Amino acid sequence: MTEPYVVELRDVTKVYAGNVQALRGVDLAVGGGELLAIVGPSGSGKSTMLHMIGTLDRPTSGTVRIAGHDVADLSDRELSALRAHHLGFVFQRFHLAPGMTALDNVADGLLYTGIPLRARRERAAAALERVRLGHRLGHRPEQLSGGEQQRVAVARAVAGDPPLLLADEPTGNLDSAAGAEVLRVLRDLHAAGTTIAVITHDMEIAGWCPRQVRVRDGRIVADEGSGRRAPAEITIGARE
Amino acid sequence: MTRRPAPARLSPSDVLRVGAAGLRTRPTRVILSALGIAIGIATMIAVIGISSSSREELLRQLDRLGTNMLTVSAGQTLFGEEAKLPVDAAAMVRRVGPVRTAAATGSVEATVRRTDQIPEAVTGGISVQAATVDLLTTLEGRVVKGTWLNAATEQRPAVVLGSKAAERLGITRTGVQVWMGDRWFTVIGILGPMPLAPEIERSALIGFPAAEKHLGFDGHPTTIYERSAEESVEAVRAVLPRTVNPENPEEVNVSRPSDALAARAAAAGAFTNLLLGLGGVALLVGGVGVANTMVISVLERRKEIGLRRSLGATRGQVRVQFLAESLLLSALGGIAGSVLGALATIGYALSRDWPPVVPPWAIGGAIGATLLVGTVAGLYPAMRAARLSPTVALATT
Ligand SMILES: Nc1ncnc2c1ncn2[C@@H]1O[C@H](COP(=O)(O)OP(=O)(O)OP(=O)(O)O)[C@@H](O)[C@H]1O
Ligand SMILES: [Mg+2]
């Protein structure tokens with residue numbers, strides 16, 4: 001018997017109001033520990049696909065299975081719980097609370113997991129250590145660079161050790177050096193066994209990932225490579 | 001089959017923390033919208049507090065003055081004429097068993113003026129009364145200047161002025177002369193306030209013998225003041241008319257002056273409804289302010305809501321967060337308002353020499369009203385926040 005997929009999309013379509021067909025029948029299977037890039041031009045349906053995988057929205061038709069759960073079988077409450085325990089999100093914008101320290105921002109990410117405050121803080125400190133921000137625990141977002149802020153956001157997403165990390169244009173707001181820092185963090189997480197899907201329209205970043213899923217007009221047009229392999233050297237960015 | 005995922009509960013302290021987090025970053029707005037609630041609550045607490053303080057003062061006064069005094073006065077005859085009390089009425093009252101002291105006053109047909117130059121019609125509302133020597137002890141009154149009448153001075157043209165009478169005549173010391181009837185009387189004393197006998201405050205008092213000798217007084221008392229043991233007041237009250245006027249007991253009026261004070265105390269407890277209503281309106285406006293702030297807060301924080309949903313917050317948890325924020329906001333106003341209202345009560349009461357009283361039930365009511373306002377004001381914004389779809393919330397620019 002094979003290991004169940006972490007993500008399984010079967011003939012998924014999504015039609016928005018106004019008959020906008022964002023997804024037109026997507027099949028995708030992601031196994032545990034994979035690192036994959038979802039690439040495609042603007043408006044091709046990448047974010048929509050990520051919302052399906054992240055259970056933030058339900059498909060118009062087709063099946064979405066996340067960590068073995070059929071999303072259609074779960075209530076909104078149960079989907080929330082699934083996100084709290086199984087999923088981490090990183091967005092193009094960092095969504096950090098202003099005026100709150102990096103530590104508290106990350107600890108707040110564990111609020112809905114039922115972990116008590118002290119343990120949340122401890123885990124947050126460990127997560128910030130993992131994204132190499134152990135020396136910035138008490139800094140507020142406005143005291144951090146864009147790259148550092150995005151790493152705080154990554155720390156928040158992975159503090160609860162979710163098996164699946166979803167990143168939508170995580171380097172979209174960063175210069176290449178800061179983007180490279182974020183990629184390094186993703187590489188380390190992947191090496192530690194986290195399944196990661198990165199949305200990007202940056203071909204360089206896509207090429208860096210061991211597996212590339214190409215999307216166009218709401219369909220997957222190519223699926224190359226194996227997500228289990230280690231990613232390429234990080235050659236993007238001024239340094240290293 | 002994998003277990004169905006179940007959301008974790010937020011601990012009460014976590015609910016408080018997320019509720020407060022939204023307020024911490026917008027202090028000006030928080031203060032302004034809590035201010036409305038604070039004004040409403042402060043008004044209501046102050047209105048209740050001040051009227052309770054005034055009531056407490058009246059009750060203490062009543063306690064101090066005692067409720068064991070009765071007054072007997074001449075009523076009217078069957079033919080509608082002014083009745084008179086018998087000359088020895090006070091002595092008869094003194095003979096009633098439980099009666100401790102009794103004194104009499106009688107209206108004298110005369111006026112009191114600073115000089116004989118002032119026309120007789122200008123009385124200043126001051127009446128001239130003959131008084132027995134034991135009047136002061138019966139009323140438990142006090143002389144603030146000079147002395148009270150005694151066996152010697154009650155014979156002579158000497159007068160003791162009630163507090164209001166002295167004030168109206170502009171007399172602040174003894175030894176001066178006043179014109180009464182058609183001769184000079186010497187002021188030998190000025191009395192303090194008499195809350196149970198305000199008519200004495202407005203009187204110029206002379207001895208019975210002097211009144212008869214100098215002003216043609218007929219010696220019939222018009223009012224008898226009497227004090228008995230507290231527990232026999234009702235019994236004494238029942239026998240007084242027959243004692244004073246055995247032939248025509250129906251022409252005699254008996255009253256208990258402390259009843260008027262007691263009635264005022266009871267009335268003071270019934271608040272000035274208009275002010276209380278104003279406080280209610282202010283509270284309502286404050287509530288609308290909080291609701292408005294919350295609606296804006298939800299609109300501004302769509303991204304935060306989307307993020308929290310992606311972190312695993314259920315709709316209920318988002319709702320609870322904004323309800324907690326609204327409750328905290330109005331509780332802040334409620335607490336500030338209670339403190340302000342209590343301070344206003346204390347300040348006002350102390351300035352009038354009243355004992356400051358802020359009833360605990362008023363504070364309890366204020367807290368209840370605050371929580372109600374916070375809930376009602378937060379309900380709609382919280383529902384809107386919870387209904388927001390995570391993807392739409394995250395897509396907000
Ligand atoms: N909530 C929505 N309502 C209506 N149409 C939507 C909605 N969200 C997305 N769309 C449309 O669906 C299509 C796919 O959008 P999506 O955001 O998935 O594209 P994308 O590949 O992420 O593009 P980009 O690279 O610009 O982020 C687009 O045509 C978009 O206009
Ligand atoms: Mg997109």
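Numbers restart at 1 for each chain; the letters A, B, ... are given by sequence-line order, proteins then strands. This one's a predicted model, so the numbers in the text were calculated from it and none came from an experiment.
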Could you have a look at [options] and say which one has the most heavy-atom pairs with chain A under 4.5 angstrom?
options                        : result
Gly316(B), Ala313(B), Ser13(B) : Ala313(B)
Val18(B), Thr391(B), Val392(B) : Thr391(B)
Arg17(B), Glu304(B), Arg24(B)  : Arg17(B)

Determine whether a donor-acceptor pair (N or O, by modelled atom type, separation under 3.5 Å) exists between the side chain of Arg4(B) and the backbone of Asp73(A). yes
Contact summary for [X] and [Y], nearest pair of heavy atoms:
X         : Y        : result
Pro7(B)   : Ala81(A) : N-CB, 3.3 Å
Thr113(A) : Ala8(B)  : C-CB, 3.7 Å
Ala395(B) : Arg93(A) : O-NH2, 4.3 Å

Approximate separation, where rounding is to 0.5 Å, of [X] [atom1] and [Y] [atom2]:
X         : Y         : atom1 : atom2 : answer
Asp14(B)  : Leu117(A) : CG    : CG    : 6.5 Å
Thr314(B) : Tyr112(A) : OG1   : OH    : 8.5 Å
Ser310(B) : Asp168(A) : OG    : CG    : 11.5 Å

Measuring only between side-chain heavy atoms, which start at C-beta, is Phe89(A) closer than 4.5 Å to Leu394(B)? no
Taking the side chain as every heavy atom from C-beta outward, state whether Leu111(A) and Gln317(B) have any pair of such atoms under 4.5 Å apart. no
Chain B: which of [options] shares the most heavy-atom pairs with it under 4.5 Å?
options                                  : answer
Asp76(A), Leu56(A), Asp57(A)             : Asp76(A)
Met100(A), His85(A), His95(A)            : His95(A)
Gly99(A), Gly114(A), Ser75(A), Gly109(A) : Gly109(A)

Trace of the salt bridge (Lys or Arg N to Asp or Glu O under 4.0 Å) decision for Arg308(B) with Asp108(A): CA-CA 9 Å; Arg308(B) 287 188 184 277; Asp108(A) 219 26; 3.2 Å; yes
For the residue pair Ser80(A) / Arg309(B), report whether a side-chain donor-acceptor contact shorter than 3.5 Å exists. yes
Greater than 12 external heavy atoms within 6.0 Å of His139(A)'s NE2: yes
Looking at Arg10(A), I want to see if its CZ is surrounded by more than 12 non-hydrogen atoms of other residues, nucleotides or ligands under 6.0 Å. no
So which part of Arg58(A) gets closer than 4.5 Å to some heavy atom of chain B, the side chain, the backbone, both or neither? neither
Quick check on Ser389(B) against chain A: is it the side chain, the backbone, both or neither that has a heavy atom closer than 4.5 Å? neither
